[in-house]
Amino acid sequence: MPPKPLTNILVKPAGPDCNMACGYCFYADKQDLFGPSSRHRMTESVLEEMIRQLMEQAGEQVSLTWQGGEPTLMGLDFFHRAIDFQQRYGSRQVVGNGFQTNGMLIDDDWADFFSQYNVLVGLSIDGPKHVHDHYRKRGDGRGTWDRVLKSARLMLDKGVSVNALTVVNDYSVRFPREIYDFHKDAGLAYMQFIPCVENAPGQPERMARFSVPSEQYGEFLCTLFDLWIADFKDGLPTTSIRFFESLIFVYAGLTPPDCTLCDHCGTYVVVEHNGDVFSCDFFVEPRWRLGNVMSGRLDTMLNGRRQTDFGKIKGARPKACRDCPWEPVCKGGCPKDRRPTPHAGRMNYLCPGMKRFFAHADPHFHRLAQKALERQGLTKDTHGPVSTPPDVGRNAPCPCGSGKKFKRCCG
């Protein structure tokens with residue numbers, strides 16, 4: 001098997017540090033991994049070495065996603081240095097920078113920076129005020145919606161590409177239509193919905209109270225899908241929902257951009273503030289520490305035995321999963337969402353809801369995939385992948401059929 005190419009990394013320059021206190025945060029307990037210090041910041045030497053390696057080891061296209069915690073805590077000068085290093089060590093490469101933020105520190109300078117360097121921003125916003133402020137609060141308990149919405153409007157006014165990152169929890173799951181309509185009205189036509197699936201603190205056998213109930217999540221997706229389809233114009237979507245567009249890739253026989261729908265994990269790595277490298281954002285833990293950028297190579301860690309073993313976990317699905325008619329498109333979901341069951345082994349906690357959704361949307365996805373392939377002059381064998389693989393470079397038309405470039409859509 002050829003080595004996996006180093007094409008993208010996820011970077012946590014401020015580690016788990018954040019200026020909010022969201023009730024459902026899964027990353028806050030990562031503080032324990034990095035010693036007693038309450039402040040975590042990536043040094044310039046780690047930043048430079050990480051980017052030097054990435055630019056020298058990657059191919060023509062490379063992407064970095066800056067995440068947290070909250071990456072704006074690093075200050076804007078840090079990211080100007082990151083751009084400087086990309087330009088210094090790059091060699092005619094196309095570099096994409098993504099940035100996930102809670103929006104609390106975004107001002108004109110930040111918005112100008114994102115606009116100048118075409119940074120794709122993922123803004124954490126859960127919907128209208130009563131939904132967003134239910135869990136997304138400041139440390140003193142005050143809500144954050146007003147400040148975040150102000151940041152959204154500021155960035156949109158400056159032409160920044162902004163995606164709404166929305167966590168679906170036990171409360172927000174009740175309001176799919178209200179959330180979808182709010183995002184549209186706010187100008188946030190690009191949406192990602194993230195199911196909240198967490199164990200109760202110190203009780204791995206129980207789900208946290210804020211986790212989304214599986215059956216309700218299925219109903220949420222069904223309603224959301226119907227709203228998305230209803231907004232199509234001339235056979236093309238007018239809003240972007242990443243999960244649905246990723247499923248078009250699956251139905252078309254292509255590799256989807258959403259890793260939860262792939263056969264295997266381990267196609268990227270996470271770099272923490274201190275240079276430690278881990279297998280995945282959801283598995284920043286000692287077992288899946290691959291090394292450190294100051295003493296090892298990123299491409300070697302990506303293709304090492306530990307990362308290979310990590311990637312195989314997703315394929316180890318129980319018989320009940322393998323026998324399911326939806327397994328070819330579901331692929332068992334994300335390994336972080338698997339929980340032990342009395343008789344079937346470790347199953348996707350969201351399985352009941354996903355079955356409900358696939359039964360509802362399956363005929364539509366077959367049609368959408370077929371139309372997407374026809375628009376690109378391709379055919380799909382009913383028992384295999386696309387007969388002629390398309391150009392899915394980040395500047396190519398997106399196979400989901402949106403009419404947008406891949407980098408601005410499912411890329």
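By convention here, the first residue in the shown sequence is residue 1.
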ask   = Checking ring pair (Phe, Tyr, Trp, His ring centres under 6.0 Å) for the pair Y171/Y135: CA distance, chi angles, key distance, verdict?
value = CA-CA 9 Å; Y171 183 74; Y135 284 120; 7.5 Å; no

inquiry  = Working note: D126 + I179, criterion side chain to side chain contact (heavy atoms under 4.5 Å, CB included); need CA distance, chi angles, decisive distance, verdict.
reply    = CA-CA 7 Å; D126 282 355; I179 294 170; over 6 Å; no

Validation row: F232, T238 side chains within 4.5 angstrom (heavy atoms) = no

query = Under 3.5 Å, side chain of T239 to main-chain N/O of D231, donor-acceptor pair present?
reply = no

inquiry  = Consider side-chain contact (heavy atoms from CB on, under 4.5 Å). Of L261, I248, V329, which one does P256 pass it with?
reply    = L261

query = So do R367 and P363 actually touch side chain to side chain, heavy atoms under 4.5 Å?
reply = yes

request  = For the pair Q86 (side chain) and G96 (backbone), establish whether a donor and an acceptor sit closer than 3.5 Å, ignoring hydrogens and angles.
outcome  = no

request  = Please confirm whether the backbone N or O of V160 pairs with a side-chain atom of S115, one donor and one acceptor, at under 3.5 Å?
outcome  = no

task = Go through M354 and W326 one step at a time and tell me if the side chain to side chain contact (heavy atoms under 4.5 Å, CB included) criterion holds.
result = CA-CA 9 Å; M354 296 308 300; W326 305 120; over 6 Å; no

message = So I229 and F244, do their side chains get closer than 4.5 Å, heavy atoms only?
response = no

Enclosure of E56 CD (heavy-atom neighbours >12, cutoff 6.0 Å) = yes

query = Roughly how far, to the nearest 0.5 Å, is the CD atom of E44 from the CG atom of D84?
reply = 9.0 Å

message = Do the side chains of E327 and K331 get close enough for a salt bridge, i.e. N-O under 4.0 angstrom?
response = no

query = Between S211 and E198, does any side-chain donor sit less than 3.5 Å from a side-chain acceptor?
reply = no

query = H273 versus P13: any side-chain heavy-atom pair under 4.5 Å?
reply = no

query = Are side-chain heavy atoms of F182 and V131 found at a separation under 4.5 Å?
reply = no

task = Check the surroundings of atom CZ in R177: do more than 12 heavy atoms from other residues, nucleotides or ligands lie under 6.0 Å from it?
result = no

4.5 Å side-chain heavy-atom contact, N274 and H40 = no

message = Could you check whether any side-chain N or O of K314 sits under 3.5 Å from a backbone N or O of T260, counting only pairs where one atom can act as donor and the other as acceptor?
response = yes

inquiry  = Any donor-acceptor pair under 3.5 Å linking the side-chain atoms of E70 with those of N102?
reply    = yes

query = Taking NZ, NE, NH1 and NH2 as the nitrogens, is one of them in R306 or D309 under 4.0 Å from a carboxylate oxygen of the other?
reply = no

task = Inspect the contact between K129 and D146 and indicate whether a charged nitrogen and a carboxylate oxygen are less than 4.0 angstrom apart.
result = yes

message = Could you tell me if D170 and Y24 have a donor-acceptor pair between their side chains, going purely by distance under 3.5 Å?
response = no

task = Classify the angle between the aromatic ring planes of F365 and F225 as parallel (below 30°), tilted (30 to 60°) or perpendicular (above 60°).
result = tilted

request  = Report the relative orientation of the aromatic rings in F113 and W110; use parallel for angles under 30°, tilted for 30 to 60°, perpendicular for over 60°.
outcome  = perpendicular

key: Heavy-atom check, side chain of F249 versus side chain of E245, under 4.5 Å   = no

Audit row: V269, L10, side chain to side chain contact (heavy atoms under 4.5 Å, CB included) steps and yes/no = CA-CA 6 Å; V269 294; L10 192 154; over 6 Å; no

inquiry  = Could you check whether K158 pairs with D112 (Lys NZ or Arg NE/NH1/NH2 to Asp/Glu carboxylate O, under 4.0 Å)?
reply    = yes

inquiry  = Can you classify the ring geometry of F99 versus F79 as parallel (below 30°), tilted (30 to 60°) or perpendicular (above 60°)?
reply    = perpendicular

message = Main chain of G353, side chain of S214: is a donor-acceptor contact present, judged purely on distance under 3.5 Å?
response = yes

query = Do V277 and L298 have side chains that get closer than 4.5 Å, going by heavy atoms?
reply = yes

request  = Run the salt-bridge test on E48 and R88 with the 4.0 Å N-O cut-off and return the result as yes or no.
outcome  = yes

query = More than 12 heavy atoms of other residues, nucleotides or ligands under 6.0 Å from NZ of K355: is that the case?
reply = no

key: Stepwise side chain to side chain contact (heavy atoms under 4.5 Å, CB included) test for V271 and K12   = CA-CA 6 Å; V271 183; K12 293 178 174 288; over 6 Å; no

task = Go through W288 and F278 one step at a time and tell me if the ring pair (Phe, Tyr, Trp, His ring centres under 6.0 Å) criterion holds.
result = CA-CA 6 Å; W288 300 115; F278 293 88; over 10 Å; no

R356/E219 salt bridge by N-O under 4.0 Å criterion = yes

query = Can H132 and T166 be counted as having a side-chain donor-acceptor contact under 3.5 angstrom?
reply = no

query = Is the side chain of S246 donor-acceptor paired with the backbone N or O of R242 at a distance under 3.5 Å, no angle test?
reply = yes

